[in-house]
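Only this structure's heavy atoms are used, side chains among them; waters, hydrogens and symmetry mates stay out. In this chain, numbering begins with 1 at the start of the sequence shown. Note that ligands are numbered from 1 as they come in the structure, with each ligand's atoms numbered from 1 the same way.
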Amino acid sequence: MKVIALLGSPRENGNTELLLREVIRGVEESGLKVKVFRLNKMNIMPCQNCGGCEETGCCIYEDDMVQIYDAIRRAERIILASPIFFFGLSAQAKIMVDRCQAFWCEKYLLKKTIPEGQHGRRGLLLLVGGMRKEIGVQCAEATAKAFFRTISVPEHKTLAYMGVDAKGAILKHPSALQEAYKAGQQLINLISDKE
Ligand SMILES: Cc1cc2nc3c(=O)[nH]c(=O)nc-3n(C[C@H](O)[C@H](O)[C@H](O)COP(=O)(O)O)c2cc1C
């Protein structure tokens, strides 16, 4: 089973990354490996809405997004991890999501979906915000849901932690790390939480 993580935080060893690490620990204790894409370090141009993907479902720009397109196509478990910035996903995450317009064209214009794979496709969304206002989670969740459905991930679970602001503050959260670890273990279960 191929598992990938798309990390949208620019802060190294920040709260989102620490949370993601626990998810990865939960996944990798099974012997599987998680391929992490650190979006902040990648050269990904924002979508230009050039229409270049409309007839083919393929983006015409060949930057680091090429690796992510390929990984998304092959993955059966996809983790999107982002801090909340201005009530939504981080720019790093959103730029990657927008470039998935190519998958949108493939799915909705060309009527093709990414094959399910042997184990089906499932997602996990990790969000960390410094404020307590839920609107940040709602906005980020709406974008992430559109992302997951576009890339033919029919269901995803969300873990969101608010009021976590200073670097490393997530380490003091009473339950976040344990919940993330458990979510990692559950993500690779063959039976979905909803069944
Ligand atoms: C540019 C910027 C915008 C932010 N906007 C919000 C926000 O709208 N809502 C919120 O809850 N926290 C906001 N925060 C706080 C971060 O979500 C918080 O510090 C989080 O723990 C960062 O996670 P990280 O350590 O993984 O980068 C913002 C932080 C930055 C730098």
Side-chain angles (χ1 to χ4, degrees), residues 3-29 32-48 63-65 67-68 71-72 75 77-100 122-151 153 156-188:
V3 187
I4 64 167
L6 303 158
L7 174 59
S9 171
R11 191 150 69 165
E12 286 190 27
N13 300 312
N15 297 315
T16 314
E17 185 173 348
L18 292 169
L19 197 62
L20 175 62
R21 254 186 232 160
E22 285 305 296
V23 172
I24 291 174
R25 202 164 66 81
V27 171
E28 291 194 342
E29 69 173 18
L32 290 170
K33 279 268 162 233
V34 180
K35 167 90 179 138
V36 178
F37 292 90
R38 200 176 273 279
L39 300 174
N40 193 50
K41 300 267 185 203
M42 298 179 76
N43 174 30
I44 303 177
M45 190 167 63
C47 175
Q48 302 296 299
D63 56 12
D64 289 348
M65 194 62 198
Q67 301 165 42
I68 295 183
I72 286 178
R77 299 292 183 268
I78 298 174
I79 305 159
L80 175 61
S82 176
I84 302 209
F85 281 1
F86 281 86
F87 296 156
L89 295 178
S90 69
Q92 290 82 350
K94 184 61 164 53
I95 287 174
M96 181 282 299
V97 165
D98 286 356
R99 287 287 296 282
C100 289
R122 292 220 308 273
L124 176 64
L125 173 64
L126 302 180
L127 298 172
V128 182
M131 294 161 71
R132 296 201 178 270
K133 287 193 179 173
E134 279 299 313
I135 187 167
V137 176
Q138 289 158 9
C139 294
E141 171 71 46
T143 306
K145 185 174 176 185
F147 164 67
F148 279 129
R149 301 307 174 263
T150 294
I151 61 166
V153 171
H156 71 275
K157 180 184 169 114
T158 301
L159 289 185
Y161 298 98
M162 300 305 286
V164 179
D165 203 13
K167 187 173 178 179
I170 196 88
L171 297 174
K172 294 190 191 131
H173 190 282
S175 60
L177 299 182
Q178 216 185 347
E179 285 163 5
Y181 171 66
K182 212 169 150 206
Q185 291 177 315
Q186 284 169 350
L187 185 65
I188 53 170

Would you kindly say whether Ser9 and Gln92 are connected by a side-chain donor-acceptor distance under 3.5 Å? no
Specify the closest pair of heavy atoms between Pro10 and Pro83, including all atoms of both residues, with the distance to one decimal. CD-CG, 4.5 Å
So, Asn15 side chain and Ile170 main chain: donor-acceptor pair closer than 3.5 Å or not? yes
Given a heavy-atom cut-off of 4.0 Å, could you list the residues near ligand 1 in chain and number order? Ser9, Arg11, Gly14, Asn15, Thr16, Pro83, Ile84, Phe85, Phe86, Phe87, Val128, Gly129, Gly130, Met131, Met162, Val164, Asp165
Not counting sequence neighbours, which residues clear salt bridge (charged side-chain N to carboxylate O under 4.0 Å, His left out) with Glu29? List them please. none
Just by distance, with hydrogens left out, do His173 and Glu179 show a side-chain donor and acceptor under 3.5 Å apart? no
Pairing donors with acceptors under 3.5 angstrom, does anything connect the side chains of His156 and Arg149? yes
